[in-house]
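Accompanying notes for the structure given below.
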Amino acid sequence: MRLFMEKKRYPKNSTMGEKTKMSKGCFINNNWVETAEKLAVLSPWSGETVGQVSLAGAGEWEAAIIAAQKAFAAFKSFSSLERQQILEKLAAGVKARQKELAQTIVAEGGKPIAYARGEMARGVLTLSLAAQEAGRIGGEVIPLDLTPPSRGRWGITRRFPLGPVLGISPFNFPFNLVAHKIGPALAAGNPIIIKPPSATPLTALKLAEIYEQAGLPPGGLQVLPSPSQLTENYVADDRLKAVSFTGSAAVGWRLKGLAGQKKVILELGGNAACIVDADADLSQAAARSAIGAFAHAGQVCISVQRLLVHQDIFAAFKEIFLKTVKDKVAVGDPSREATVVGPFIDAGAGARVRQWVDEALGAGARLVAGGPGEGNIMPPTVLENVTADMRVWKDEIFGPVVVLAPFADFTQALEMANDSVYGLQAGVFTRNLAHAWQTFETLEVGGVIINDVPAFRVDNMPYGGVKASGFGREGLRYAVEELTEIRLLALSI
């Protein structure tokens, strides 16, 4: 494990320093609106102020909702081509500023630069795929002449946009998870208001800047940094026809209770298991699991938290895995190319993770690697002898901690993987096709990843969870379906 721990201010000519500092208002109806209440945005790594944003109040929310309603009158009549062109222009603008946006993600979110660049490449793909989906929103012809009285009758279905959407996004993917809300909404013909995370609002505001500079329709995209309590008031507003939320389970389910009759898409927490079967390629499984567990300090809802290994290969896998972590998982400064584990988003997040690890150790778990670290940095931490009642096993840790546990047979592994209130994704390393299929049929998750870690995601695939991990699906085509309603036209010929 390599440590890049020297904390210094970014030099003035650094792309991580002055160029990332910005002060932005709320983006409402293609205008920038300053407010009296400001929020400083701090680097999780250096503690420096990297930006400042205006916080929306009730007046700004009201103006944004009215603008979204007016925009919907135009958006719902746009042709498929017009919606496609809006998203193509947005994707092109983002592509031209990819490097800058990646640097902003590092500065405000502490994401290691290699992963920030990866996020931006995915973000361009997400918007480009959304543009393609704008031209694919179709329907079907249904025979209705199934009874003598309905002879000569046919049904035609078509999807119609819902209306203004509220998207609430988390800190850990400040561009791509915003794009996963904006892209499908605009593709379907819905204006969207984004409430970005308080820790990382700058990236979303830069996306709004790109929208404005591309000359795209007013009110189609609006971005309102806002206190969470105030935002919750508008979750219940009937003028907003859908809420798409990505974040913690506790907050998500509370918002669902506030949302009334509107559609709700929840992409919530996870507690991902990764199974290493007896016949797995151990080097591949170890290499992928090390990154899958610790990238971005484990602050990914589908990071590997529970690593379940067949007892016959447990010792051999453990040796390879720990060596991989030591040699390949660099910790520290997120601006360094080699860094895998950057800082926690804030001190509170680090304190919580350390508390859970301390609780587990106090109850009999064994520390195999890592430890508490200091400040916002915690090294890759590996635990054994963890029991099912410990929070590091049963809850979402959202930190650089993984539990190693053996299993005796594959059925037991599936039972262990299902031993969670969450069900987002799971990974399985196996050469046994029957086991792969058994996994697909048995695991209570939204996605099963064979011969890779649960953190695998390509942006066109359906993505979402079951149980406490939420409901509804992202992944462009699937999110478009969530943000539209089917309407039937019954014809008598």
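Numbers for residues simply follow the sequence, beginning at 1.
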Inset, instruction - For side chain to side chain contact (heavy atoms under 4.5 Å, CB included), just list the numbers for Leu186 and Tyr211, CA-CA rounded to whole Å, side-chain angles, deciding distance to a tenth of an Å, and then say yes or no. - result: CA-CA 12 Å; Leu186 298 183; Tyr211 184 96; 4.3 Å; yes

Legend entry - For the student: nearest non-hydrogen atoms of Val50 and Ser43, plus distance: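 Heavy-atom minimum between the residues: CG1-CB, 4.0 Å.
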
Legend entry - Closest contact, heavy atoms only, Pro334 versus Lys111: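 Answer, listing the atom of Pro334 first, then Lys111: CB-O, 3.7 Å.
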
Legend entry - By side-chain contact (heavy atoms from CB on, under 4.5 Å) - contacts of Leu488 (at least two apart):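 For Leu488 the side-chain contact (heavy atoms from CB on, under 4.5 Å) partners, ignoring immediate neighbours, are Thr157.
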
Inset, instruction - Identify, with sequence neighbours excluded, every residue that meets side-chain contact (heavy atoms from CB on, under 4.5 Å) alongside Pro112. - result: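 Applying side-chain contact (heavy atoms from CB on, under 4.5 Å) to Pro112 gives Tyr115, His296, Thr339.
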
[X], [atom1] atom: more than 12 neighbouring heavy atoms under 6.0 Å:
X	atom1	answer
Glu337	CD	yes
Lys24	NZ	yes
Lys263	NZ	yes
Phe440	CZ	no

Inset, instruction - Report yes if the distance between the aromatic ring centroids of Trp253 and Phe471 is under 6.0 Å, otherwise no. - result: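 Between Trp253 and Phe471, the centre distance is under 6.0 Å.
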
Would you call [X]-[Y] a salt bridge at under 4.0 Å N-O?
X	Y	result
Arg159	Glu485	no
Glu444	Lys467	yes
Arg97	Glu209	yes
Lys195	Glu232	no
Arg473	Glu481	no

Check whether any side-chain N or O of [X] sits under 3.5 Å from a backbone N or O of [Y] as a donor-acceptor pair, and report yes or no.
X	Y	value
Gln213	Ile210	no
Asn190	Leu162	yes
Ser77	Ala74	yes
Arg306	Asn271	yes
Gln222	Ile194	no
Glu396	Gly270	yes
Gln305	Val403	no
Glu119	Asn176	yes
Lys99	Ala96	no
Lys262	Val235	yes

Inset, instruction - Answer yes or no for Arg352 and Trp356: cation-pi contact, defined as NZ/CZ to six-membered ring centre under 6.0 Å and angle to ring axis within 45°. - result: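 Yes.
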
Legend entry - Face-on cation placement of Lys256 at Phe245 ring, 6.0 Å and 45° thresholds: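 Ring-cation test returns no.
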
Legend entry - Under 3.5 Å side-chain donor-acceptor pair for Arg477 and Asn460: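 Arg477 vs Asn460: no donor-acceptor pair found between side chains.
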
Legend entry - Flag for Thr387-Trp393: side-chain donor and acceptor within less than 3.5 Å: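 On atom types as modelled, these side chains do not qualify, holding no pair under 3.5 Å.
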
Inset, instruction - Applying side-chain hydrogen bond (donor to acceptor under 3.5 Å, both in side chains), run through Ser54 and Lys38 and close with a yes or a no. - result: CA-CA 5 Å; Ser54 290; Lys38 307 294 184 183; 2.8 Å; yes

Measuring from atom [atom1] of [X] to atom [atom2] of [Y], what distance do you get when rounded to the nearest 0.5 angstrom?
X	Y	atom1	atom2	answer
Phe410	Gln438	CZ	CD	6.0 Å
Leu224	Leu230	CG	CG	9.0 Å
Ile275	Phe429	CD1	CZ	11.5 Å
Ile65	Leu166	CD1	CG	8.0 Å
Ile302	Ser469	CD1	OG	10.5 Å
Asp419	Leu414	CG	CG	12.5 Å

Legend entry - Intermediate values then yes/no, side chain to side chain contact (heavy atoms under 4.5 Å, CB included), Arg158 and Arg487: CA-CA 6 Å; Arg158 180 180 156 196; Arg487 188 177 300 169; 5.6 Å; no

Between [Y] and [X], is there a side-chain heavy-atom distance shorter than 4.5 Å?
X	Y	answer
Gln84	Leu87	no
Pro170	Pro197	no
Arg457	Ile449	no
Val304	Cys274	yes
Val341	Pro380	yes
Leu55	Ser226	no
Ile397	Arg391	no

Inset, instruction - Would you please name every residue forming a side-chain hydrogen bond (donor to acceptor under 3.5 Å, both in side chains) with Asn451, sequence neighbours left out? - result: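 Partners of Asn451 by the side-chain hydrogen bond (donor to acceptor under 3.5 Å, both in side chains) criterion come out as none, since no residue qualifies.
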
Inset, instruction - Quick one: sort the Trp32 and Phe27 rings into parallel, tilted or perpendicular, breaks at 30° and 60°. - result: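 Rings of Trp32 and Phe27: tilted, as their planes differ by 30° to 60°.
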
Inset, instruction - Report the relative orientation of the aromatic rings in Phe75 and Phe78; use parallel for angles under 30°, tilted for 30 to 60°, perpendicular for over 60°. - result: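 Geometry flag for Phe78 against Phe75: tilted rings.
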
Legend entry - Intermediate values then yes/no, side-chain hydrogen bond (donor to acceptor under 3.5 Å, both in side chains), Lys181 and Ser169: CA-CA 8 Å; Lys181 301 188 185 307; Ser169 59; over 6 Å; no

Legend entry - Single hit among Val325, Val331, Ile291 for side-chain contact (heavy atoms from CB on, under 4.5 Å) with Val340: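 Only match with Val340 under side-chain contact (heavy atoms from CB on, under 4.5 Å): Ile291.
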
Legend entry - Stepwise side-chain hydrogen bond (donor to acceptor under 3.5 Å, both in side chains) check, Thr203 with Thr104: CA-CA 6 Å; Thr203 304; Thr104 302; 5.4 Å; no

Inset, instruction - Evaluate the side chain to side chain contact (heavy atoms under 4.5 Å, CB included) criterion for residues Thr324 and Val329: first the C-alpha distance (whole Å), next the side-chain angles of each, then the deciding distance (0.1 Å), finally the verdict. - result: CA-CA 7 Å; Thr324 303; Val329 180; 5.6 Å; no

Legend entry - Check against side-chain hydrogen bond (donor to acceptor under 3.5 Å, both in side chains), Gln132 and Arg136: CA-CA 7 Å; Gln132 295 172 25; Arg136 295 184 185 135; 3.2 Å; yes

Inset, instruction - Evaluate the criterion side chain to side chain contact (heavy atoms under 4.5 Å, CB included) for residue pair Ile105 and Arg117; output intermediate values, then yes/no. - result: CA-CA 9 Å; Ile105 290 170; Arg117 280 199 298 266; over 6 Å; no

